[in-house]
There are 2 protein chains.
Amino acid sequence: MIKNDIALEIEKKSEFNRAKSLLIVEAVLSTLKEALTNEEKIEIRGFSSFKVVRKKTGFGRDIRRKKQIKIKKGKRIKFRPGQDLKNIK
Amino acid sequence: MIKNDIALEIEKKSEFNRAKSLLIVEAVLSTLKEALTNEEKIEIRGFSSFKVVRKKTGFGRDIRRKKQIKIKKGKRIKFRPGQDLKNIK
DNA sequence: AAGGGCGATATCGTTCTTAATCATTGACGT
DNA sequence: ACGTCAATGATTAAGAACGATATCGCCCTT
């Protein structure tokens, strides 16, 4: 599923046309993105939660040269599925 | 940020009222949820991707009794931030 | 319709997540 | 605004993910 597929579903579920649905989808996604960029926690019951956490890893690996590589400290986004998504069969 | 906060943002970014914005947000989220429940991969450039993967872990831990616990095989949702979210400062 | 970038993949060692449970905080429907 | 029930935090140990890089694949903008 890609962005356009989501817009298609919105089109079916609402009275909006495809173009409008796409704008709506992008508005929702950009809102989430902005919040996470601001390191804001997001919690939506029944769907999932997102949290920005500190990266503690200090180094990585280079495939080709097989030697250590410095990794800058930074942030990570932690995703946790909600109740409905936790036990999908 | 909770679901209502997202609706508030949609209200500001669009010409919809609060109630309509909330319905829109729920439509988008439920669309994503349905896709993941169907084990469908989701990929949105510039935002993130979701993928359903097989759980391979075979056991867990009981805090109280400090012993292993059988874990049924199942599925997990893997979240990967996109380009924009990967290196938030 | 098509090319340009972005995302996926493979690799390896260290770091981190996962699972169950109870209490507490707090999201969200009425 | 209140009440209900989901989400968080803590714990342990094993197994999986993370991180940099180049190439391939394909989403998305023009």
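Residue numbering restarts at 1 for every chain, and letters A, B, ... go by the order of the sequence lines. If you're wondering where the values come from, they're calculated on a predicted model, not measured in any experiment.
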Query raised in the report: Would you say A:Lys75 reaches D:dG19's phosphate, i.e. side-chain N/O to OP1/OP2 under 4.0 Å?
Result: no

Query raised in the report: Going only through I, L, V, M, F, W and Y residues with side-chain contacts under 4.5 Å, is there a path from B:Leu29 to A:Leu23?
Result: no

Query raised in the report: Taking OP1 and OP2 of D:dA17, is either one under 4.0 Å from a side-chain nitrogen or oxygen of A:Lys78?
Result: no

**Report entry** Rounded interatomic separation in angstrom, taking CG from A:Leu22 and C1' from D:dC28
**Finding:** 10 Å

Report task. Please list, chain by chain and in numerical order, all residues satisfying ring pair (Phe, Tyr, Trp, His ring centres under 6.0 Å) with B:Phe47, sequence neighbours excluded. Result -> none

Report summary line: Contacts of A:Asn38 meeting side chain to side chain contact (heavy atoms under 4.5 Å, CB included) (sequence neighbours excluded), chain-then-number -> none

Query raised in the report: For DNA chain D, which residues in residues 2-11 of chain A have a heavy atom at a distance below 4.0 Å?
Result: A:Ile2, A:Lys3

Query raised in the report: Would you say B:Arg76 reaches C:dT18's phosphate, i.e. side-chain N/O to OP1/OP2 under 4.0 Å?
Result: yes

Report summary line: B:Leu85 CG to C:dC6 P, in whole Å, measures 14 Å

Report summary line: Taken to the nearest whole Å, CZ/A:Phe79 to C1'/D:dA16 is 17 Å

Report summary line: Sorted by position of nearest nucleotide on DNA chain D, 5' first, the leading residue of B:Arg80 and A:Lys41 is A:Lys41

Query raised in the report: Does A:Gln83 have a side-chain nitrogen or oxygen under 4.0 Å from the phosphate oxygens OP1 or OP2 of D:dC5?
Result: no

Query raised in the report: Which residues pass the side chain to side chain contact (heavy atoms under 4.5 Å, CB included) test with B:Ile42, sequence neighbours left out?
Result: A:Met1, B:Leu32, B:Ala35, B:Leu36, B:Ile44, B:Phe50

Query raised in the report: Given side chains that start at C-beta, do those of A:Lys3 and B:Arg45 come closer than 4.5 Å, heavy atoms only?
Result: no

Report task. Hey, could you give me each pair passing ring pair (Phe, Tyr, Trp, His ring centres under 6.0 Å) that has a residue in residues 9-31 of chain B? Not counting sequence neighbours. Result -> A:Phe16-B:Phe16

Report task. Quick one: list whatever passes salt bridge (Lys or Arg N to Asp or Glu O under 4.0 Å) with B:Lys51, sequence neighbours left out. Result -> none

Query raised in the report: Between B:Glu26 and B:Lys51, who's closer to the 5' end of DNA chain C by nearest nucleotide?
Result: B:Lys51

**Report entry** Residue-level proximity of residues 42-50 of chain B to DNA chain D when a heavy atom falls under 4.0 Å
**Finding:** B:Glu43, B:Ile44, B:Arg45

Query raised in the report: What residues, two or more places apart in sequence or in another chain, satisfy side chain to side chain contact (heavy atoms under 4.5 Å, CB included) together with A:Arg18?
Result: A:Leu8, A:Glu11

Report task. Scan for salt bridge (charged side-chain N to carboxylate O under 4.0 Å, His left out) pairs involving residues 27-36 of chain B, sequence neighbours excluded, and state none if there are none. Result -> A:Lys13-B:Glu34, A:Asp84-B:Lys33

